[in-house]
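Just so it is clear: chains get the letters A, B, ... in the order the sequence lines come, proteins before strands, and each one is counted from 1.
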Amino acid sequence: MVKGYLGIDVGSVSTNLVFMDETGRIKESIYLRTQGRPIATIQAGLRQLAESLPPKVTVRGVGATGSGRHLAGVITGADIVKNEITAHAVATSTLVPGVQTIIEIGGQDSKIIILRNSLVVDFAMNTVCAAGTGSFLDQQAARLGVPIEKFGEMALLARSPVRIAGRCAVFAESDMIHKQQMGYGLSDILAGLCEALVRNYLNNVGKGKEILPPVVFQGGVAANAGMKQAFEKALGCAVTVPPYYNVMGAVGAALLAREKTARGLPSGFKGFHVAQVEFVSDGFACDGCPNSCEVVEIREERRVIARWGDRCGRWSGALVERKTAI
Amino acid sequence: MVKVTFPHMGHMWLCVKAMLEYLGVAVVIPPPSSKRTLALGARYGPEFACLPLKLNLGNFIEASALGADTILMAGGCGPCRFGYYAQVEHAILRDLGYRYELVVLEPPERHVGQLLSRIKTITGNNSWKRVYRGIKLGYQKIRAVDELEREAHRLRPREIVPGSTDRAFQEALKEIERAADLEELAAARGRAGETMRSVRIEERDVLRIGIVGEIFTLLEPFANLDIERRLGRMGVEVDRSIYLSEWVNDHMLFGLIKGLRSRRDACQAARPYLKHFVGGHGQETVGSAVLYARAGYDGVIHLLPFTCMPEIVAQSILPVVSAEMDIPVLSLTVDEQTGEAGLMTRLEAFVDLLERKRARKNVEGRICFG
């Protein structure tokens, strides 16, 4: 019989699930596009996972992370709900012992995590700007008619990358169009785009941080070999893309679930059948004060199982006795 | 008769209201800052201005609907832009058709008489003795509120029933608000203290975080997305580098009240990193981070409004303080976005970082001392 831990990372662009056995080996990993429907995507992920795992499987613990972690938490009955920074740091320091810098670039956010002696000592996330994230690369690849999967290998063919202003995604685009009109080659433009993104990342997210090797590059954008090369060029050191680089958050969530249930606590996992249960999420504007908080209500077969979004706790507080790890 | 209003900054309203009403001045308190306030301010304020300007503006527009016709506001003299916000906001309001009189309380440059003469334009025919007692009442209320806040910071991470501290704190604030003169205030302080003592707590090993940064962002919960309460609920005891009573003592009363924490201590502590004034509270921010590190705090959170020049200076110096004093620092920029998810992710991650750091220190400590 297979026993193990389930890790779920619900991000803005992708939803990832992994199943890790008791020794810490990843048995299954699933990468799905969230497409703005997190509940349906989590359920689809659970269904796929149940099909690919042997029928007699015991889930010893569940961990949820990512911007949709609370949603994933209430739907599956997760044992631990953790922010993605902690989850990524736990996963990487387990898979790449001794790591001192983690560069993580996902769909709509990017972060840097600084570790010393496998302890997080500093971190930062992008704030008011999305230039330098996966969504921007996606858009530009589409505009240039390059499939995103081919982006990286084409960028590697560049002989002299063109310089593109990377401070702002909108201006980067007009700068890039200008370079195209001038007749520069596609590879040189793609490589220039990678370098612009890396500059932007290091100036914004990496500002004031001491970036020391070993440097690990993960998140969906790490699939792009052009980005990896641009980082190596800018930092002057080797950059490692680890196995499971695109599901690291989920790996971290699974590891945290193992840590949480280590003392033999039973898991709160509701079972794979939640993939078939009807969950409805609904929002309403509270009229209690001028803040007009947009309250979200999650119902499992008509029963309200969670609410959030209110500043004062009027709605979420009403369910407090049933609260899990939120 | 004039109806005076002023912008919100935390619980400041409670003290200014007491002072003015004691002197027989009619007061209009703007509705608490809300998303509506921000939407109004963002619509009419310059896009590149910082969050305080937008919220001030929204406060004034909302207060006008309640009948306010005179603005009382603090001034200043650079490099922080806030120094001319009173005039800029007044001009914007005039363009929008609001008829507001403006009285600016500039920090006294030479002697307290200047301040008093400006106060006199609002207080009219009150005797100086009464004006003095009015100011004293307002100031004592600030002291009382600050005491309650400090107590709430201590209780929140230790409360047994979630939310009980906040309920007690609101109750206690009402006691302070109701007091109409100094005698009543003395009794009200006693009752407010009782209310806070009724919160049931248990001793817990809590993390301690010092919050430093720009004054408005520190004091106004709407601007900082209620960071103190959020951290409290996560089991963190917070302290902040500026309380209103300290600021008033430093800037309006020439430090006459003894025994209060002063900006001078923070500026002294900042010296190895930043020797001179950079506007706003940039120097205090750096110095306070040093003081929290010396006091054994687990971490420091730095709050600043987007585009705040003095705090950007401080932000670029804090990594050095963090490395040399071995204290983690998290800078958070606040602006118009009210999304809480991003803030919670950062706070949770920071608290995780501090917890793991402390756990390791404890393990190492045990190894060293057997």
Let me know if A:Val121 has heavy atoms under 4.5 Å from chain B in its side chain, its backbone, both or neither.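 Interface part for A:Val121: backbone (N, CA, C, O).
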
Once you round to the nearest 0.5 Å, how far does [atom1] of [X] lie from [atom2] of [Y]?
X	Y	atom1	atom2	result
B:Leu343	A:Met125	CG	CE	11.0 Å
B:Leu353	A:Asn83	CG	CG	10.0 Å
B:Met344	A:His70	CE	NE2	6.5 Å
B:Arg346	A:Ile85	CZ	CD1	7.0 Å

Search all heavy atoms of [X] against all heavy atoms of [Y] and return the closest pair with its distance.
X	Y	answer
A:Thr86	B:Asp352	OG1-OD2, 2.6 Å
A:Cys293	B:Lys35	CA-NZ, 4.1 Å
B:Glu348	A:Lys82	OE1-C, 4.5 Å
A:Gly208	B:Pro319	O-CB, 3.8 Å

In terms of heavy-atom proximity below 4.5 Å to chain A, should [X] be classed as side chain, backbone, both, or neither?
X	answer
B:Arg230	neither
B:Leu330	side chain
B:Val329	backbone

For atom [atom1] of [X], decide whether the heavy atoms of other residues, nucleotides or ligands shown that lie under 6.0 angstrom number more than 12.
X	atom1	answer
A:Arg37	CZ	no
B:Arg233	CZ	yes
B:Arg200	CZ	no

Heavy atoms, side chains only, cut-off 4.5 Å: are B:Arg356 and A:Val90 in contact?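 Yes; the side chains approach each other to less than 4.5 Å.
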
Heavy-atom side-chain proximity of A:Leu119 to B:Lys357 below 4.5 angstrom: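 Contact flag for A:Leu119/B:Lys357 side chains = yes.
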
